[in-house]
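Beneath this line is the structure, given in structure tokens, with notes to follow.
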Protein chains: 2
Amino acid sequence: MAGVMEKTRIEEFIRFCRERHLNVTHQRLAIYQALLNSTEHPTAEDIFRTIQSDYPTISRATVYKTLELFEREGIIRKVSFPHETAARYDANPQRHHHLFCVQCHRVEDLSHPQLDALPLSKRALNNYQVIDHVVHINGICPACQQKRRS
Amino acid sequence: MAGVMEKTRIEEFIRFCRERHLNVTHQRLAIYQALLNSTEHPTAEDIFRTIQSDYPTISRATVYKTLELFEREGIIRKVSFPHETAARYDANPQRHHHLFCVQCHRVEDLSHPQLDALPLSKRALNNYQVIDHVVHINGICPACQQKRRS
DNA sequence: TTGACAAATGAGAATTGTTCTTATTTAATA
DNA sequence: TATTAAATAAGAACAATTCTCATTTGTCAA
């Protein structure tokens, strides 16, 4: 099931690259695949290490540049959190929000229509031309709540 | 007016430090003052440079450690944004949200009751024990909209 | 007020995350 | 299969932050 899903997304990715005249390289495929496989919002370094087993000569520069490219093309998102120095990446380009565990620094995606509306007038928004928004929720995840109690 | 405001806040700060047995040093006062004076969400480096004219021997280590302390004590907030490597600090510890200009990277505080409610059940929140939340709005500020048009 | 002592600071080294540079390799296409 | 622009690898360079430790300073008790 996940395999089918992945395959479709990878095929879509390849089609997308061709359309934009972006070379479909092993490295790009591996980096995108690594992001699809992870729900952990990995850092560039995480991805670098994940890929290293299959591509021992992969370079950090390639990982960084590729992630930058993917984000510019709108197929992934860069996210960042206070108390974390390294940027994280998210293969889910659709509107969604984040649950951040202040104990273990776990990040979960949260999709909920209630959070997607931004019911403010342009004036209330200081006349900004709004592109999108993300609700960042700080809290304690179930696992860490458990740890605290015991 | 602003002066009066500031003085009160500084006195409050001194009282707060005494209560917690935190030494009231020139450096701590200067750093807190610098944050109060700025609406720009300055970085540690910004603060370091601001203070340098009055305290030529101030050390970056002191600025970083002091900001960390202030945040731990809940009197300021650390905030971070994708595409910005340095963390920023905010002397407004109350719930508020952020307007981020994707062009000029300006950050404005936004307070609005509509954004303060988080109308989701515990289940919808993946059973997280919620502490707080911030709405991060990406957009283009009025000044940059102007620049684009001309 | 002064002296003792813990707390805080300064200076710079070390570490971490990211970007840059350049020679080499590779994907696309003709 | 040859050509060529695009992409990559390797590591240097840079930027942000943390660490180390000797020196200085605020606090508090006498």
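A note on names: the letters A, B, ... follow the listed sequences, proteins ahead of strands, and every chain is numbered from 1. These numbers were taken from a predicted model, which means no experiment stands behind them.
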For side chain to side chain donor-acceptor pair (under 3.5 Å), just list the numbers for B:Asp116 and B:His96, CA-CA rounded to whole Å, side-chain angles, deciding distance to a tenth of an Å, and then say yes or no. CA-CA 8 Å; B:Asp116 293 347; B:His96 65 276; over 6 Å; no
Stepwise, does the side chain to side chain donor-acceptor pair (under 3.5 Å) test hold for A:Asp46 with A:His41? CA-CA 9 Å; A:Asp46 291 337; A:His41 302 77; over 6 Å; no
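- A close approach under 4.0 Å does occur between a side-chain nitrogen or oxygen of B:Gln27 and OP1 or OP2 of C:dG10.
- B:Leu115 shares a hydrophobic cluster with A:Leu99, A:Leu110, A:Leu115, A:Leu118, A:Leu120, A:Leu125, A:Tyr128, A:Val130, A:Val135, A:Ile137, B:Leu99, B:Leu110, B:Leu118, B:Leu120, B:Leu125, B:Tyr128, B:Val130, B:Val135, B:Ile137; the chain of contacts runs through ILVMFWY side chains whose heavy atoms sit under 4.5 Å apart.
- With rounding to whole Å, A:Leu22 atom CG is found 10 Å from C:dA28 atom P.
- Here A:Thr62 reaches the OP1 or OP2 of D:dA9: one of its side-chain N or O atoms lies under 4.0 Å away.
- For the pair A:His26 and C:dA27, the criterion of a side-chain N or O lying under 4.0 Å from OP1 or OP2 is met.
- For the pair B:Leu69 CG and C:dA8 C1', the interatomic distance rounds to 10 Å; values are reported in whole Å.
- Separating the CZ atom of B:Arg18 from the C1' atom of C:dA8 is a distance of 15 Å, rounded to the nearest angstrom.
- Following rounding to the nearest Å, A:Ile58 (CD1) and C:dT25 (P) show an atom-to-atom distance of 16 Å.
- The aromatic ring centroids of B:His133 and B:His97 lie less than 6.0 Å from each other.
- Side-chain nitrogen and oxygen atoms of A:Arg28 include none within less than 4.0 Å of the OP1 or OP2 phosphate oxygen of C:dA27.
- One atom, CD1 of B:Ile51, and another, P of C:dT9, lie 11 Å apart when rounded to the nearest Å.
- Computed from coordinates, the B:His21 NE2 to D:dT25 P distance equals 24 Å when rounded to whole Å.
- Between A:His83 and B:Glu71, the side chains place a donor N or O and an acceptor N or O closer than 3.5 Å (distance only, hydrogens not considered).
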Nucleotides 14-18 of chain D: which of its N/O atoms have a protein N/O under 3.5 Å away?
| from | atom 1 | to | atom 2 | distance (Å) |
| --- | --- | --- | --- | --- |
| D:dT17 | OP1 | B:Ala87 | N | 2.9 |
| D:dT17 | OP2 | B:Tyr64 | OH | 2.7 |

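- Donor-acceptor pairing under 3.5 Å, judged by distance alone, is absent between the side chain of B:Thr25 and the base of C:dA8.
- Atom CG of B:Asn23 and atom C1' of D:dG26 are 5 Å apart (whole Å).
- Looking at B:Asp54 and B:His26, their side chains never bring a donor and an acceptor atom within 3.5 Å of each other.
- The distance between atom CG of A:Leu29 and atom C1' of C:dA27, rounded to the nearest whole Å, is 12 Å.
- Taking the six-membered ring for Trp and the full ring otherwise, the centers of B:Tyr55 and B:Phe48 sit at least 6.0 Å from each other.
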